[in-house]
**Q** 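Before I ask anything, here is the structure I am working with.
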Amino acid sequence: MSAEMVAPAWMHSQISAEQYDSWSEEQCAGIEIVDGMVVVSPSASKRHNRLARLLANALDAAAGPDWNADTDFDVRLQDVPLTNRRPDVIVYRADTIDLTPTRPEHVLLVVEVVSPGSETTDRIVKVDQYAKAGIPFYWRIEQAATGVPIVYTYVLDPATRAYRDGEVFTGTVKATAPFPVTVDLGAL
């Protein structure tokens, strides 16, 4: 079986921002673009989706009228070569809801829920990309063997464009940054 039989030809060539912007929402779902190349994400588990939804709902409620929290939302980190990431949860300025694409300067926080197969990307690669793009906060959720999620929070150091360690939460997140929020993720 050839690669063309498994994946469409456009997955084997570099994609420009203009090409990506012409695709439908259905074509963009479940993929990210890194250095112009399509990266297909495996389907998330029910636990993964539930963690993201619970956290997005809590962040949205805590954020007030100036910020929105959503799941499955593109962030354009750079145009050339095109890099679009799709964090599991994103908190962005409410007044930019209709702007496409969403840019790093519109984003306050991105959250990644680590799943089997995404460990290196979520722990190393995306952290570096989000920091270089200037996104102020990054949270990583690890699904521990105990079933109780662990949330690692990071705060951007603007001078170095690198994240420094923030608080770590097990089960219940009681964060004050970027705004006060409490959410129980341990009751899954």
Side-chain angles (χ1 to χ4, degrees), residues 1-45 48-49 51-53 55-56 67-142 152 154-164:
M1 183 180 288
S2 71
E4 288 76 25
M5 294 172 67
V6 175
W10 54 263
M11 291 184 72
H12 303 287
S13 59
Q14 200 166 33
I15 305 300
S16 70
E18 294 78 24
Q19 288 171 304
Y20 185 79
D21 292 342
S22 73
W23 294 354
S24 69
E25 187 67 30
E26 292 79 29
Q27 287 174 297
C28 297
I31 67 168
E32 294 179 311
I33 310 292
V34 178
D35 293 332
M37 301 303 292
V38 174
V39 177
V40 178
S41 302
S43 294
S45 69
H48 178 280
N49 289 338
L51 283 169
R53 185 174 45 80
L55 190 55
W67 298 96
N68 293 334
D70 280 307
T71 59
D72 199 26
F73 202 95
D74 273 350
V75 178
R76 176 77 46 93
L77 298 180
Q78 66 185 35
D79 287 314
V80 179
L82 178 62
T83 298
N84 257 24
R85 285 297 190 180
R86 230 173 161 84
D88 294 311
V89 178
I90 178 174
V91 176
Y92 61 97
R93 288 191 354 237
D95 63 346
T96 66
I97 192 167
D98 293 321
L99 294 180
T100 302
T102 297
R103 302 281 183 178
E105 59 268 20
H106 306 150
V107 178
L108 180 64
L109 165 70
V110 290
V111 180
E112 295 290 351
V113 178
V114 178
S115 296
S118 75
E119 295 95 344
T120 300
T121 302
D122 291 342
R123 292 180 188 148
I124 300 169
V125 177
K126 288 183 180 181
V127 176
D128 185 53
Q129 289 174 337
Y130 294 144
K132 284 186 170 130
I135 296 173
F137 298 92
Y138 175 72
W139 292 4
R140 186 183 81 236
I141 301 176
E142 298 278 346
Y152 298 88
Y154 302 90
V155 179
L156 183 67
D157 177 347
T160 62
R161 287 282 178 140
Y163 289 113
R164 63 175 169 74

**Q** Please collect all ring pair (Phe, Tyr, Trp, His ring centres under 6.0 Å) contacts where either partner lies in residues 107-127, sequence neighbours excluded, each pair once.
**A** none

**Q** Could you grab the distance from atom CZ of Arg93 to atom CG of Asn68, nearest 0.5 Å is fine?
**A** 11.5 Å

**Q** With a 4.5 Å limit on heavy-atom distance, are the side chains of Trp23 and Ile31 in contact?
**A** yes

**Q** Looking only at atom types and distance, does a side-chain atom of Gln78 sit under 3.5 Å from a main-chain N or O of Pro81, one as donor and one as acceptor?
**A** yes

**Q** Salt bridge (charged side-chain N to carboxylate O under 4.0 Å, His left out) for Arg86 and Asp74? Distances and angles first, verdict last.
**A** CA-CA 5 Å; Arg86 230 173 161 84; Asp74 273 350; 2.6 Å; yes

**Q** Apply side chain to side chain contact (heavy atoms under 4.5 Å, CB included) to Ile97 and Tyr92, showing your working.
**A** CA-CA 8 Å; Ile97 192 167; Tyr92 61 97; 3.7 Å; yes

**Q** Go through the steps for Trp139 and Val113 under the test side chain to side chain contact (heavy atoms under 4.5 Å, CB included), then give the verdict.
**A** CA-CA 9 Å; Trp139 292 4; Val113 178; over 6 Å; no

**Q** Looking at Val107, Asp95, Val91, which hits side chain to side chain contact (heavy atoms under 4.5 Å, CB included) with Trp67?
**A** Val91

**Q** Would Arg123 and Glu142 count as a salt bridge (charged side-chain N to carboxylate O under 4.0 Å, His left out) here? Give the steps.
**A** CA-CA 10 Å; Arg123 292 180 188 148; Glu142 298 278 346; 2.8 Å; yes

**Q** Walk me through it: do Val39 and Ile33 pass the test side chain to side chain contact (heavy atoms under 4.5 Å, CB included)?
**A** CA-CA 6 Å; Val39 177; Ile33 310 292; over 6 Å; no

**Q** Is the shortest side-chain heavy-atom distance between Phe137 and Val155 below 4.5 Å?
**A** yes

**Q** Quick one: pull up CD in Glu105 and OG1 in Thr96 and give me the separation to the nearest 0.5 Å.
**A** 9.5 Å

**Q** What's the verdict on side-chain hydrogen bond (donor to acceptor under 3.5 Å, both in side chains) for Tyr154 and Arg140, showing C-alpha distance, side-chain angles and the deciding distance?
**A** CA-CA 8 Å; Tyr154 302 90; Arg140 186 183 81 236; 2.6 Å; yes

**Q** Is the backbone of Ser118 close enough, under 3.5 Å, to the side chain of Thr121 for a donor and an acceptor to pair up by distance?
**A** no

**Q** Which heavy atom of Ile135 sits nearest a heavy atom of Leu108, and at what distance?
**A** CG2-O, 4.0 Å

**Q** With ring pair (Phe, Tyr, Trp, His ring centres under 6.0 Å) as the rule and sequence neighbours excluded, what pairs involving residues 97-122 come up?
**A** none

**Q** Under the side chain to side chain contact (heavy atoms under 4.5 Å, CB included) rule, what do Val34 and Gln129 come out as? Steps first, then yes or no, please.
**A** CA-CA 10 Å; Val34 178; Gln129 289 174 337; 3.8 Å; yes

**Q** Which atoms form the tightest heavy-atom contact between Arg161 and Ala133, and what is the distance?
**A** NH1-C, 3.3 Å

**Q** Within the 4.5 Å heavy-atom criterion, are Cys28 and Tyr20 side-chain neighbours or not?
**A** yes

**Q** Check whether Thr83 reaches the backbone of Asp35 with its side chain - one donor and one acceptor, N or O, closer than 3.5 Å.
**A** yes

**Q** Is the backbone of His48 close enough, under 3.5 Å, to the side chain of Ser45 for a donor and an acceptor to pair up by distance?
**A** yes

**Q** Among side-chain atoms of Tyr130 and Glu112, is any donor-acceptor pair under 3.5 angstrom?
**A** yes

**Q** Is there a side-chain contact between Leu55 and Ile141, using heavy atoms and a 4.5 Å cut-off?
**A** yes

**Q** Are the side chains of Leu82 and Ser16 in touch, meaning some heavy atoms are under 4.5 Å apart?
**A** no

**Q** Mind listing the closest non-hydrogen atom pair of Ala69 and Ala56 along with its distance?
**A** CB-O, 3.4 Å

**Q** Would you say Val111 and Ile90 make side-chain contact, with heavy atoms under 4.5 Å?
**A** no

**Q** Nearest 0.5 Å, what's the CG-OG1 distance between Asn49 and Thr71?
**A** 8.0 Å

**Q** Could you check if a side-chain atom of Leu109 sits within less than 4.5 angstrom of a side-chain atom of Tyr138, using non-hydrogen atoms only?
**A** no

**Q** For a quick check under 3.5 Å, do Tyr163 and Asp128 share a side-chain donor-acceptor pair by atom type?
**A** no

**Q** Whether the side chain of Glu32 engages the backbone of Asn84 through a donor-acceptor N/O pair (distance < 3.5 Å, no angle test) should be reported.
**A** no

**Q** Could you check if a side-chain atom of Asp88 sits within less than 4.5 angstrom of a side-chain atom of Leu51, using non-hydrogen atoms only?
**A** no

